[in-house]
Amino acid sequence: MRTLVVVGDTLLDVDTDGRAEKLSPDGPVPVVRAAAERTRAGGAGLVAALAAADGAGRVVLVTPLAEDADGATLRSVLPAGVELVAVPWAGSTAVKHRIRAGGQTVARVDRGGDPGPVGPLPDAVATVLAGADAVVVADYGLGATADPELRGLLTALARRRPVVWDPHPRGAPPVPGCRLVTPNAVEATGADPGPRPDVGAVADRALALRAQWAAGTVAVTLGAAGALATVGEDGVLAVPAPTVDVGDTCGAGDAFAAAAGWALAGGALPPEAVAAAVRAASAHVAAPAPTPTGAGVLVATGGCFDLLHAGHVATLEAARALGDRLVVCVNSDASVARLKGPGRPLQPQADRVRILRALACVDDVVVFDEDTPEQVLRGLRPQLWVKGGDYSGVAVPEAAVLAGWGGRVVTVPFLAGRSTTALAELARA
């Protein structure tokens, strides 16, 4: 199992969702009637959570945590799939509280984030870094990346393992030798390039930053325009983003960094990692905003989807029709091999995920490494878990898991005579 280590500043994100139906008599501001509130990890914690949701391997978060009430809350909301190595920090936990109405942010209230010395580093930091297949540094300007001891460990690590560094204007510069550095356009150029960036100017700046930071590759993220990455000493590669209906862009950079880290951990070249990261960031911003409790139905289904056929599509379309959002849980390559035997899967998980995400009825895809998706379901907590009609009358192990939060398993009709095994045998013949 591959290990991705995420290093950096973690914030506490609080989202209050509700409806605004009138203006306040005290001033021209909306009155938001709260319907639900979510508390989750932000910053490096969000990068780790997104990396763990991919199900590609072990995720370890190395982050300074303050000994305050918000820090205790932060520890409690980290997903179960993220291993925490907390570093002592004398600052205060940074909290970003967003007020949303109708899925749109109407106000944000910040508190905390006071500076303070970091460390000393626990021995576990050096241990997990030594065992990493790749490292993602998520700098949010709170001081983690400026710690001399941590920078020394990262500098040494960058000589032998891929390091992805997501910089911040108030943070320390990337250590020399990073495989990939991922500033956004504002961080790279100092100005918002707008919807149609000047590619030549961005390319010049990216090449200058590559030399300044002694980095292998600098990829400047351009939002809906994708990314521009350096290639060698003077080349650039434009990676366009797929066209999506953009919703909330919060966390897009974190999704980019997490996907790039996993790609490099798996042996991808930097241009391949940037392409995978652009797709992941686009999928992240295309997902609908979280639905307030009681106002929407999350549906999930799962399988290997080794050779996508009409039977799969029928099941997926039927599942999506049952709710407001469909998440497909896909067996990893290792999981498929255990379940189906030698010679499977026929297509690697990256290809299977990409094909599924291209379907209009699929809102998101999550990869899991276990034989059953019980762990990922506990994180998603869907109201409905959908199986094809060939499972009718058969005890489904996920049923007991969903019952824990009031969910249930349902079956949908399937198209007879369609199967991956039959297609594979026909192709071999």
Side-chain angles (χ1 to χ4, degrees), residues 8-9 11 13 42-44 46-47 50 96 98 104-105 108 136-142 145 163-175 178-261 263-264 270-287:
D9 309 298
L11 300 75
D13 282 343
L46 179 56
V47 176
L50 292 170
K96 294 183 179 180
R98 297 174 179 86
Q104 297 294 319
T105 300
R108 197 182 90 183
V136 174
V137 178
D139 190 351
Y140 274 76
L142 297 178
T145 61
V163 174
V164 178
W165 194 292
D166 189 7
H168 191 279
R170 296 192 303 273
V175 299
C178 288
R179 187 75 55 87
L180 179 63
V181 183
T182 63
N184 63 33
V186 174
E187 292 162 348
T189 66
D192 186 347
R196 302 180 71 87
D198 183 336
V199 173
V202 175
D204 289 343
R205 185 58 183 152
L207 290 166
L209 288 173
R210 177 185 177 275
Q212 176 183 327
W213 290 332
T217 297
V218 169
V220 180
T221 58
L222 302 171
L228 194 72
T230 62
V231 180
E233 295 293 330
D234 55 6
V236 292
L237 172 71
V239 182
T243 302
V244 297
D245 292 328
V246 176
D248 189 353
T249 59
C250 180
D254 303 307
F256 186 99
L264 292 175
E272 297 171 323
V274 172
V278 166
R279 293 193 298 270
S282 298
H284 182 81
V285 301

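Nothing here was measured: the structure is a model prediction, and the numbers come from that model. Numbering of residues begins at 1 and proceeds along the displayed sequence.
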*Asks:* Please examine the side chains of V137 and P174, heavy atoms only from C-beta on, and report whether any two atoms are closer than 4.5 Å.
*Replies:* no
*Asks:* Kindly compute the distance separating CG (D254) from CG (L50), expressed to the nearest 0.5 Å.
*Replies:* 6.5 Å
*Asks:* Which atom pair, heavy atoms only, marks the closest approach of A281 to A255?
*Replies:* CA-CB, 4.2 Å
*Asks:* Restricting to non-hydrogen atoms, name the atom on A229 and the atom on V274 that form the minimum distance, rounded to 0.1 Å.
*Replies:* CB-CG2, 4.2 Å
*Asks:* What's the spacing between R210 CZ and C178 SG if we round to 0.5 Å?
*Replies:* 12.5 Å
*Asks:* Could you pull out the closest heavy-atom pair between V47 and A258, with the gap in Å?
*Replies:* O-CB, 3.8 Å
*Asks:* Given the rule in the side-chain contact (heavy atoms from CB on, under 4.5 Å) test, do V278 and F256 qualify, once you have shown the distances and angles that lead to the verdict?
*Replies:* CA-CA 6 Å; V278 166; F256 186 99; 3.7 Å; yes
*Asks:* Restricting to non-hydrogen atoms, name the atom on V164 and the atom on A257 that form the minimum distance, rounded to 0.1 Å.
*Replies:* CG1-O, 4.5 Å
*Asks:* Between the main-chain N or O of V218 and the side-chain N or O of T230, is there a donor-acceptor pair closer than 3.5 Å?
*Replies:* yes
*Asks:* Roughly how far, to the nearest 0.5 Å, is the CZ atom of R108 from the SG atom of C250?
*Replies:* 8.5 Å
*Asks:* Find the distance between CG (D139) and CG (D166) and round it off to the nearest 0.5 Å.
*Replies:* 8.0 Å
*Asks:* Can you tell me how far the OG1 atom of T189 sits from the CG atom of L222, to the nearest 0.5 Å?
*Replies:* 9.0 Å
*Asks:* What distance separates R205 CZ from E187 CD, expressed to the nearest 0.5 Å?
*Replies:* 12.0 Å
*Asks:* Considering all heavy atoms of both residues, which atom of A241 and which atom of G223 are nearest to each other, and what is their separation?
*Replies:* CB-O, 4.4 Å
*Asks:* Are side-chain heavy atoms of L209 and V181 found at a separation under 4.5 Å?
*Replies:* no
*Asks:* Shortest non-hydrogen contact from L180 to A219?
*Replies:* CD1-CB, 3.9 Å
